[in-house]
Amino acid sequence: MTSLEQSQRIELEDIFVPVQGGIVNDVVINVEPISGITNFTNIVPVTNFAKFFLNNYPNPNDFYENVSKNLTAAIFHNAEILGLAGKTNSVSVEMIREPISILPYPFVSQSIQNANGNTEQFTELTIKNLVIPVQGGTIATANISLDFVDNVAAFPDITPLANFSQSYLTTYGNPNDFYEKVSQNLAATISNNPGAFGLQGILNSVSVELGRGPNAALPHPFVVTSIATPGGGLDQIVKVEIEDLFVPVQGGTVNDVVLTIDYANSLGTFPDISPVTNFVKSFLSDYPNPNDFYENISKNVTTAIFNNAAGLGLSGIIDSISIELSRDPIAILPYSFVSENTITAAGNNQQVVKLELEDLLIPVQGGTVANGTLTLDFVDNSESFPDITTLANFTKDYLTNYPNPNDFYENVSQNLTATVVNNAGAFGLEGKIDSLSLDLERGPNAGLPHPFISTSTAIPIAPSNPVLANSESFEIFPQDFANELAII
């Protein structure tokens, strides 16, 4: 048996909303249907409703948080006429706008409402080109994110927080501090003084993300995120991006590498990140087994970092480490490919693989060109990994030969994920995956003149059962694969 989950994402560009003097926005609407649904609603009425609602918004003095929250509530209130009644777990609206005179920073407001009426709210503020007087003076971008408590009715003016954050960072007092300390101190200051920013009693958490380019001490892009909870602890995550690194596997490939370290909560002192960065570069550049899959490589790197934690200054201070390897197409697998491995302090190991298929002509809705991203989440502590080529080729063949031209993208992505999971053995995946998901992304077309993404996730519940209850809906195979299954 297989559990099926689905989400629909519509991107509306340059939508005029008559608030705060009248501004133009990008709007993202995400609809999450209930699990297992196979009869999908046409998303066009929801799209048109959202555009009309925003274009004709009645209160010009409302904050963006009110606008996005009111739109999600209006969609649920009109679920019957929009074809969503009884079919929807949640709806989210994300509103993105550029700087305006009263708040000269890019700004995002996201509201999520579930079928029970519970509403979550997130706000993000971006401050660009900050000169922060640490480590010799560096230019950074800061993202300040607020996670409000559920069902907040009124929202504060975000301007005092924005101005305070800019002033705090550009006049930071300790030039020898690492970025980790800077972001942690700002997040803690906001969290410990919520009343000063109108956030008393309405804030779940605040996060401060600082990103900067390469410098002399660390010649790689670097991002640090600090998350503070009022009355709680402090979480810290660091990312280092290593570009164009040669790794001698699969005939020799050039990769982008992302190293992520999740530190133990409320850490007071942070190590220099340079030794672990250099360790990763050396490990990958001198990797000894040219026949290993990328999954093996990323897993071996994270394990090696933990095994050498004391010498790298990381002993006892990390919750987890992850390595993401990204490479462009090569001869044996002509698709972009990502392997991410995460190991926790307890030794638990998680593996995720992403495969990107570009410019696929899918014969539905009159024939559309789409990009597909296939994501495999392996069971924890997997020791061996299958050759992904069979799955990649099947996915491309399945999508480009899809037999039902009237299906929605939601059906296409759902049918593919269900087919793969229900026939996992044919791809070397039997008992090896927690889930499989497919993102199908296409540009505007005549039926829906906006970018659209359908995400389907299939979760094996009983891997030994090869057939879905709704088998008629999902037994759709290109002929060559159907023959292969018959032989098996």
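Side chains included, hydrogens not; waters and symmetry mates left out as well; all remaining heavy atoms used.
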Looking only at the side chains, is there a donor atom on one of [X] and [Y] sitting less than 3.5 Å from an acceptor on the other?
X: Ser454; Y: Gln6; result: yes
X: Asn89; Y: Asn114; result: no
X: Gln351; Y: Ser339; result: yes
X: Thr368; Y: Asn445; result: no
X: Asn401; Y: Asp397; result: yes
X: Glu65; Y: Thr123; result: yes
X: Asn371; Y: Glu358; result: no
X: Ser109; Y: Gln121; result: yes

Work out which heavy atom in [X] is nearest to a heavy atom in [Y]; give both atom names and the distance.
X: Thr225; Y: Ser207; result: CG2-CB, 4.3 Å
X: Leu161; Y: Phe197; result: CA-CD2, 3.8 Å
X: Thr390; Y: Ala426; result: CG2-O, 4.1 Å
X: Gln236; Y: Ser183; result: NE2-OG, 3.4 Å
X: Leu360; Y: Leu399; result: CD1-CD1, 3.7 Å
X: Thr170; Y: Gln166; result: OG1-O, 2.8 Å

Considering only heavy atoms from C-beta outward, does the side chain of [X] approach that of [Y] to under 4.5 Å?
X: Ile459; Y: Asp434; value: no
X: Ser68; Y: Phe122; value: no
X: Val238; Y: Phe222; value: yes
X: Gln184; Y: Val224; value: no
X: Tyr402; Y: Asn411; value: yes
X: Leu125; Y: Leu103; value: yes
X: Val338; Y: Thr375; value: no
X: Ile323; Y: Leu259; value: yes

Do [X] side-chain atoms and [Y] backbone N/O form a donor-acceptor pair below 3.5 Å?
X: Asn204; Y: Thr229; answer: no
X: Asn341; Y: Gln350; answer: yes
X: Ser111; Y: Lys69; answer: yes
X: Asn116; Y: Asn118; answer: no
X: Ser92; Y: Ile112; answer: no
X: Thr47; Y: Ile43; answer: yes
X: Thr41; Y: Gly83; answer: yes
X: Ser382; Y: Val379; answer: yes
X: Gln365; Y: Asp407; answer: yes
X: Asn255; Y: Val257; answer: no

Side chain to side chain donor-acceptor pair (under 3.5 Å) between Ser145 and Glu124, intermediate numbers included: CA-CA 4 Å; Ser145 299; Glu124 181 175 280; 3.2 Å; yes
Working to the nearest 0.5 Å, report the span between [atom1] of [X] and [atom2] of [Y].
X: Asp244; Y: Asp256; atom1: CG; atom2: CG; answer: 5.5 Å
X: Phe408; Y: Asn42; atom1: CZ; atom2: CG; answer: 4.5 Å
X: Tyr409; Y: Ile453; atom1: OH; atom2: CD1; answer: 11.5 Å
X: Thr342; Y: Asn349; atom1: OG1; atom2: CG; answer: 8.0 Å
X: Glu94; Y: Leu71; atom1: CD; atom2: CG; answer: 12.5 Å
X: Asp439; Y: Arg9; atom1: CG; atom2: CZ; answer: 9.5 Å

Step-by-step side chain to side chain contact (heavy atoms under 4.5 Å, CB included) determination, Thr457 to Thr417: CA-CA 7 Å; Thr457 302; Thr417 55; over 6 Å; no
Full working for side chain to side chain donor-acceptor pair (under 3.5 Å) between Thr373 and Glu356: CA-CA 5 Å; Thr373 300; Glu356 300 176 4; 4.9 Å; no
When [X] is tested against each of [options] for side chain to side chain contact (heavy atoms under 4.5 Å, CB included), which residue passes?
X: Ser165; options: Ile127, Val206, Val208; value: Ile127
X: Asn423; options: Val421, Val420, Thr419; value: Thr419
X: Thr72; options: His77, Glu120, Gln113; value: Gln113

Parallel, tilted or perpendicular: rings of Phe427 and Phe394 (30°, 60°): tilted
Parallel, tilted or perpendicular: ring planes of Tyr294 versus Phe337, cut at 30 and 60 degrees: perpendicular
Counting only heavy atoms not in [X], do more than 12 fall under 6.0 Å of its [atom1]?
X: Asn56; atom1: CG; value: yes
X: Ile100; atom1: CD1; value: yes
X: Lys51; atom1: NZ; value: yes
X: Lys239; atom1: NZ; value: no
X: Lys396; atom1: NZ; value: no

From CA spacing to verdict: side chain to side chain contact (heavy atoms under 4.5 Å, CB included), Leu429, Leu391: CA-CA 10 Å; Leu429 298 173; Leu391 176 60; 4.3 Å; yes
Trace of the side chain to side chain contact (heavy atoms under 4.5 Å, CB included) decision for Phe107 with Ile158: CA-CA 10 Å; Phe107 179 84; Ile158 209 75; 4.0 Å; yes
Asp147 vs Ile227, side chain to side chain contact (heavy atoms under 4.5 Å, CB included): CA-CA, chis, key distance, verdict: CA-CA 10 Å; Asp147 175 6; Ile227 305 169; over 6 Å; no
